[in-house]
Amino acid sequence: MTNNTEAQIRVRFAPSPTGFPHVGNIRTALFNWLFARHHGGTFILRIEDTDTARRVEGAVESIMDGLRWLGLDWDEGPVFQSDRLHLYRAAAETLIHKGMAYHCFCTAERLEQVRAEQARQKLPPRYDGRCRTLDPAQAAQRVADGEPSVVRFKTPIEGETVVHDLIRGDVTFSNTILNDYVLLKSDGYPTYHLANVVDDHDMGITHIMRADEWISSTPLHVMLYDAFGWRPPAFAHLPMILGPDKAKLSKRHGATTVTEYREQGYLPEALFNFLALLGWALDDKTELFTRDELVAAFSLERVGKTAAVFNMPKLDWMNGVYIRGLTREAFAQRALPYLERDLPASVVRPLDLNYVVQVAALIQERTKVLSEVAGLSDFFFVDTLSYTSADLVAKGMDAGGTLAALQAVSQVIEIIEPWEAATLESTVRPMCDTLGLSAKQLFGVLRVALTARTAAPPLFDTMEVLGKARTLKRLADAASTVKL
RNA sequence: GCCCUCAUCGUCUAGAGGCCAAGGACGCCAGCCUUUCAAGCUGGAGAUCAGGGGUUCGAAUCCCCUUGGGGGCACCA
């Protein structure tokens with residue numbers, strides 16, 4: 001699978017710490033990681049923290065946390081761009097000396113005016129080039145005098161730039177529509193464009209895999225590589241992930257950050273599998289992949305071009321598949337923290353793991369996300385149930401019959417030993433005849449008495465896990481609840 | 001407004017000229033199983049392959065136009 005050339009492959013995931021990583025970002029990380037692992041290459045984490053204003057406290061930790069949770073381990077980094085400002089400044093200087101960049105002294109207000117005027121004339125908003133023709137010596141003097149400035153790239157005003165993209169093919173941009181982009185901001189920090197190009201070159205990145213939204217700024221990057229005399233890496237612009245409204249996925253689409261998926265109880269291996277299928281498919285049928293299978297199967301050639309809507313119901317299904325695939329012990333282990341978190345405060349912690357394993361076995365195949373385990377099983381943990389007399393009386397029955405059934409069953413099972421589901425069933429089921437009830441009716445009454453709900457795990461398994469004492473207690477409570 | 005781009009069931013997708021009167025998955029519906037809910041099994045509805053022109057003996061697949069969607073156009077990334 002790997003040969004000498006491939007072993008050189010170096011890719012990176014380069015998020016900016018301006019918020020918590022959402023699934024779109026993570027999918028990009030996943031593809032980079034898969035590509036690196038498939039080819040035996042290197043996966044690098046780089047933090048693009050050049051926007052001092054939008055920096056968010058804790059974002060870096062949550063990015064790393066999310067990557068670790070999904071098992072996307074990085075080989076180098078995290079590299080912080082804020083530690084490398086000298087590199088970008090030197091690079092900007094180089095370009096100024098080459099006459100390919102210049103200092104611009106235009107104020108934010110003037111830029112604003114220019115844009116407003118262009119908008120009024122329905123022209124594309126772009127820098128009008130006022131400082132482009134300033135005398136470099138004079139400009140240098142003004143900078144030396146302390147006048148604030150930015151460094152702009154002297155974008156060629158004619159010709160065209162072709163971006164070779166592994167997924168899109170060749171994409172041609174006319175240089176006339178390109179802007180004199182800012183390379184270095186007035187605070188001395190580089191913009192994304194400069195830092196990105198300098199770093200990717202410096203770090204020996206061979207393939208840039210990033211979301212499709214970046215393709216518009218790629219011609220600038222190509223020109224920058226050119227201006228520096230560097231060979232650009234290969235580009236692969238990945239199809240975007242959309243919300244249900246088909247717009248770029250964002251906060252307003254509900255749970256989009258990885259952290260939230262974890263809190264809701266999605267299994268990392270399920271999200272991993274699901275995300276891999278957003279914009280990539282192996283064939284016409286395979287949907288379930290282990291991590292290793294994905295690493296072995298992944299290829300850029302099979303990445304699609306069309307944006308994909310994030311299909312929540314399918315994720316739920318897939319999560320359910322992964323949950324059912326767990327051993328009951330593993331499932332209990334995974335469910336435990338969610339139970340501790342979600343069960344009512346009245347339930348004593350810590351929970352007994354052996355008991356949780358027994359409960360877990362009964363709800364496992366009914367669970368899609370771990371955040372619902374407490375709701376599915378709380379009656380196994382709480383002391384008192386809440387239901388009314390009417391809830392107890394099954395369809396076609398009256399209060400008297402219900403009470404009689406409850407008492408009859410209590411009496412019969414009281415002497416059952418050993419307390420096992422099979423024995424309970426073989427004892428109670430025949431009582432339907434004696435009591436003149438259908439199984440549906442009798443079991444329905446018992447179900448409400450024991451669980452306070454109409455949908456629950458199999459009755460006799462529930463009794464077994466509840467234990468004789470609690471079962472009898474609940475039947476007695478139910479009997480006293482019935483209003484004749 | 002300008003630039004780029006995409007276009008197969010509601011959604012994720014297979015399809016790289018004939019194997020496609022379009023296959024799989026999720027979801028939906030029905031039946032079976034069954035003490036409920038799930039799970040499982042079986043079956044079903046669901047795409048005139050956005051529309052219109054070409055090219056070709058033959059097009060979902062190639063070309064053009066239209067339409068629609070998405071993205072970009074900051075001293076944000």
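Numbered from 1 within each chain, the chains take letters A, B, ... in sequence-line order. Note that these values count all heavy atoms, side chains included, but never hydrogens, waters or copies made by symmetry.
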Contact class for [X] vs. all strands (heavy atom < 4.0 Å): base, sugar-phosphate, or nothing?
X        : result
A:Gly304 : nothing
A:Pro457 : base
A:Leu278 : sugar-phosphate
A:Thr172 : sugar-phosphate

Would you tabulate the nitrogen or oxygen pairs shorter than 3.5 Å linking the protein to nucleotides 25-33 of chain B?
from, atom 1, to, atom 2, distance (Å)
B:A25, O4', A:Glu287, OE2, 2.6
B:A25, O2', A:Glu287, OE2, 2.8
B:A25, O2', A:Lys314, NZ, 3.3
B:A25, N3, A:Lys314, NZ, 3.2
B:C26, O2', A:Pro313, O, 3.4
B:C26, O2', A:Lys314, N, 3.2

Quiz prompt | Pair A:Asp199-A:Arg84, side chain to side chain contact (heavy atoms under 4.5 Å, CB included): steps then yes or no | solution = CA-CA 9 Å; A:Asp199 277 342; A:Arg84 301 155 60 86; 2.8 Å; yes
Exercise. Start with the C-alpha gap between A:Arg132 and A:Asp180, add the side-chain angles, then the distance that decides, and say whether salt bridge (Lys or Arg N to Asp or Glu O under 4.0 Å) holds.
Key: CA-CA 9 Å; A:Arg132 187 178 167 116; A:Asp180 274 7; 2.9 Å; yes
Specify the separation, in whole Å, of atom [atom1] of [X] and atom [atom2] of [N].
X        : N     : atom1 : atom2 : result
A:Lys122 : B:C3  : NZ    : P     : 15 Å
A:Asn319 : B:A39 : CG    : P     : 13 Å
A:Phe310 : B:G10 : CZ    : C1'   : 17 Å
A:Phe379 : B:U36 : CZ    : P     : 16 Å
A:Phe331 : B:A39 : CZ    : C1'   : 13 Å
A:Leu238 : B:U5  : CG    : C1'   : 14 Å
A:His221 : B:C4  : NE2   : P     : 18 Å
A:Gln364 : B:G40 : CD    : P     : 12 Å

Roughly how far, to the nearest 0.5 Å, is the [atom2] atom of [Y] from the [atom1] atom of [X]?
X        : Y        : atom1 : atom2 : result
A:Ile413 : A:Trp419 : CD1   : CH2   : 4.0 Å
A:His164 : A:Thr172 : NE2   : OG1   : 8.5 Å
A:Arg115 : A:Leu123 : CZ    : CG    : 14.0 Å

Taking a pair as Watson-Crick or G-U wobble with both distances under 3.5 Å, which nucleotide is matched to [N]?
N     : result
B:C2  : B:G72
B:A45 : none
B:U36 : none
B:A25 : B:U11

[X] with [Y]: basic N within carboxylate O range, under 4.0 Å:
X        : Y        : value
A:Asp212 : A:Lys305 : no
A:Arg447 : A:Asp391 : no
A:Glu329 : A:Arg334 : no

How far, in whole Å, is [M] from [N] if one measures between their [atom1] atoms?
N     : M     : atom1 : answer
B:A21 : B:A59 : P     : 12 Å
B:C9  : B:G51 : P     : 10 Å
B:C63 : B:C28 : P     : 39 Å
B:A50 : B:C6  : P     : 14 Å
B:U61 : B:G54 : C1'   : 15 Å
B:C37 : B:A22 : C1'   : 37 Å
B:A39 : B:C29 : P     : 12 Å
B:G46 : B:G23 : C1'   : 14 Å

Self-check item: A:Arg302 side chain near B:U13 phosphate (N/O to OP1/OP2, under 4.0 Å)
Solution: no
Quiz item: So with a 6.0 Å cut-off around CD of A:Glu117, is the heavy-atom count from everything else above 12?
Solution: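 Check passes, neighbour count above 12.
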Quiz item: Just wondering, more than 12 heavy atoms not from A:Arg130 lying within 6.0 Å of its CZ?
Solution: no
Quiz prompt | Ring centre gap for A:Phe31 and A:Phe298 strictly below 6.0 Å | solution =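 Yes, the ring of A:Phe31 comes within the 6.0 Å limit of the ring of A:Phe298, centre to centre.
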Quiz item: With A:Phe274, which of A:Tyr261, A:Tyr266, A:Phe289, A:Phe310 fulfils ring pair (Phe, Tyr, Trp, His ring centres under 6.0 Å)?
Solution: A:Phe310
Exercise. Using heavy atoms and a sub-4.0 Å distance, could you list which residues of residues 265-275 of chain A are near RNA chain B? By number, please.
Key: none
Self-check item: Protein proximity profile, nucleotides 68-77 of chain B - base contact B, sugar-phosphate-only contact S, no contact -, cut-off 4.0 Å on heavy atoms
Solution: --SBSBSBBB
Quiz item: Are A:Asn25 and A:Thr28 close enough, and set up right, to give a side chain to side chain donor-acceptor pair (under 3.5 Å), and what steps lead you there?
Solution: CA-CA 5 Å; A:Asn25 301 323; A:Thr28 298; 5.9 Å; no
